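These figures come from a predicted structure and were not determined experimentally. Within every chain, numbering begins at 1; the chains are lettered A, B, ... in the order of the sequence lines, protein sequences first and strands thereafter.
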There are 2 protein chains.
Amino acid sequence: MACCAPMVREPLGEEAAAGLSRMFKALSDPIRLRLLSLIASHDGGEACVCDLTAPFDVSQPTISHHLKVLREAGLVGSERRGTWVYYWMLPEALAKLSTLLEIPAMSAKAPT
Amino acid sequence: MACCAPMVREPLGEEAAAGLSRMFKALSDPIRLRLLSLIASHDGGEACVCDLTAPFDVSQPTISHHLKVLREAGLVGSERRGTWVYYWMLPEALAKLSTLLEIPAMSAKAPT
DNA sequence: CGCTTGTTTCGATGTCTGTCGATACAGTCG
DNA sequence: CGACTGTATCGACAGACATCGAAACAAGCG
């Protein structure tokens, strides 16, 4: 994907923008944002759904839905291990977005 | 705002997540993403609306609407100068999001 | 094998969002 | 002033989304 250089440098193409906007959409909900940070900051870098339901005021199916959105956006991975399902962050996805938003030293283009 | 350290480090609070999710929501549309990169990468770091309408297949009111969303999310500033209205990127906002998504060296927490 | 607990899927519902055309507003120029 | 160009707002509408309760699925345990 040709989408990972700072967007400040050159205009995003249509395709790149479409893909990236899907990831940002996944981050555009407060619950999902907190879920992701909860997963990422959890011991071992992963968390089971059972750890992720209690902190929120919404129903458990709703949490499951949000986790699915994060998964389909490529931001987290998941796996069932016995009774529980574990989720972990996929660092590359975050890194890609972080780089995209980066301001490369100067906010304006190189002078002369 | 206590919201600007990498989210991988510690769980986001409710308030921080609410504010940040509004910014990500502004980035969650392909047209807005392209608008922002168009503005940011434009000569002088700003662009007038007249430069921002042509590249897209949507109507001018729609572009105006998207610009408003970006402005209300604190991602761009704008000003009328004579006939034209100019938009420029607000680097601090991008930087905040970029830092939030950053992976601090190790993806998992420090081992032992 | 049936019960219990953890998780996902389904269907319904109310709200939000992107889009448009029409229209209003802001400057400029004759 | 009046016409014209550039931009924003309004009102309407279709499609997307967050949420829920109910029900299905999965794994362990008696």
Side-chain angles (χ1 to χ4, degrees), chain A residues 12 14 17-36 38-39 42 44 46-88, chain B residues 12 14 17-39 42 44 46-89:
Chain A
L12 242 36
E14 276 187 60
L20 292 163
S21 69
R22 262 176 247 123
M23 292 195 186
F24 283 123
K25 182 161 298 184
L27 297 177
S28 73
D29 183 281
I31 292 187
R32 287 198 290 268
L33 223 35
R34 290 173 63 202
L35 278 172
L36 185 59
L38 224 44
I39 291 169
H42 201 269
E46 62 178 24
C48 87
V49 178
C50 56
D51 293 324
L52 298 173
T53 305
F56 299 95
D57 283 338
V58 300
S59 69
Q60 186 275 326
T62 298
I63 295 296
S64 190
H65 162 71
H66 285 306
L67 288 170
K68 184 180 184 180
V69 172
L70 288 172
R71 186 163 15 96
E72 290 180 340
L75 294 169
V76 302
S78 74
E79 183 188 20
R80 175 181 284 272
R81 283 205 288 279
T83 303
W84 296 286
V85 176
Y86 291 86
Y87 282 77
W88 57 87
Chain B
L12 242 37
E14 274 186 61
L20 292 163
S21 70
R22 261 176 248 122
M23 292 196 187
F24 283 122
K25 182 162 299 184
L27 298 177
S28 72
D29 182 281
I31 291 187
R32 286 198 291 268
L33 223 35
R34 291 172 63 201
L35 278 173
L36 184 60
S37 74
L38 223 43
I39 291 168
H42 201 268
E46 62 178 22
C48 89
V49 178
C50 57
D51 294 324
L52 299 173
T53 304
F56 299 95
D57 283 339
V58 299
S59 70
Q60 181 272 323
T62 298
I63 295 296
S64 191
H65 162 71
H66 285 307
L67 288 170
K68 183 180 185 181
V69 172
L70 288 172
R71 184 163 17 95
E72 290 180 341
L75 294 169
V76 302
S78 72
E79 183 188 21
R80 173 182 287 272
R81 283 206 288 280
T83 304
W84 296 285
V85 176
Y86 291 86
Y87 281 78
W88 55 87
M89 180 194 62

Distance, rounded to the nearest Å, where B/Tyr86 contributes OH and D/dA8 contributes C1': 17 Å
Check whether any side-chain heavy atom of B/His42 sits under 4.5 Å from a side-chain heavy atom of B/Trp88, and report yes or no. no
Length of the NE2-P vector between B/His65 and D/dG11, whole Å: 16 Å
Tell me the interatomic distance from A/Lys68, atom NZ, to D/dA18, atom P, rounded to whole angstroms. 12 Å
Interatomic distance, A/His66 NE2 vs D/dA16 P [rounded to whole Å]: 18 Å
Are A/Tyr87 and C/dT8 close enough that a side-chain N or O sits under 4.0 Å from OP1 or OP2? yes
Would you confirm whether A/Arg71, through its side chain, and A/Gly74, through its main-chain N or O, come within 3.5 Å as a donor-acceptor pair? no
By nearest-nucleotide position on DNA chain D, the 5'-leaning member of A/Asp29 and A/Arg81 is A/Asp29
Using a 3.5 Å distance criterion without hydrogens, assess whether the side chain of B/Thr53 forms a donor-acceptor pair with backbone atoms of B/Cys50. no
To the nearest angstrom, how far is A/Glu79 atom CD from D/dA26 atom P? 16 Å
I'd like to check A/Leu75 versus A/Leu27 (side-chain heavy atoms, cut-off strictly below 4.5 Å). Are they in contact? yes
Within this structure, what is the CG-to-P distance between A/Leu27 and D/dA18, rounded to whole angstrom? 12 Å
Distance test, side-chain N/O of A/Lys25 to OP1/OP2 of D/dA16, below 4.0 Å: no
Does A/Ser28 use its side chain to pair, donor to acceptor, with the backbone of A/Lys25 at less than 3.5 Å? yes
Quick note, B/Arg80 side chain, CB onward, closest among C/dG27, D/dT9, C/dG18 is C/dG27
Check the distance between C/dA26's C1' and B/Trp84's CH2 and give it to me in whole angstrom. 13 Å
Any base atoms under 4.0 Å from A/Ser64, or only sugar-phosphate, or nothing? Heavy atoms, all strands. base
Would a distance-only check, ignoring hydrogens and angles, find a side-chain to backbone donor-acceptor pair under 3.5 Å from A/Arg22 to A/Glu72? no
Determine the contact category for A/Ile63: base if any of its heavy atoms lies under 4.0 Å from a base atom, sugar-phosphate if only primed atoms, P, OP1 or OP2 are that close, otherwise nothing. nothing
For the side chain of B/Ser37 and the backbone of A/Leu12, is there at least one donor-acceptor N/O pair under 3.5 Å apart? yes
Just the table, please: protein N/O against nucleotides 20-22 of chain D N/O, every pair under 3.5 Å.
from: D/dC20; atom 1: OP2; to: A/Ser59; atom 2: N; distance (Å): 2.7
from: D/dC20; atom 1: OP2; to: A/Ser59; atom 2: OG; distance (Å): 2.9
from: D/dC20; atom 1: OP2; to: A/Thr62; atom 2: OG1; distance (Å): 2.7

Taking only side-chain nitrogens and oxygens of A/Arg32, does any of them come within less than 4.0 Å of OP1 or OP2 of D/dA18? yes
May I have the distance from A/Leu67 (atom CG) to C/dG6 (atom P), rounded to whole angstrom? 16 Å
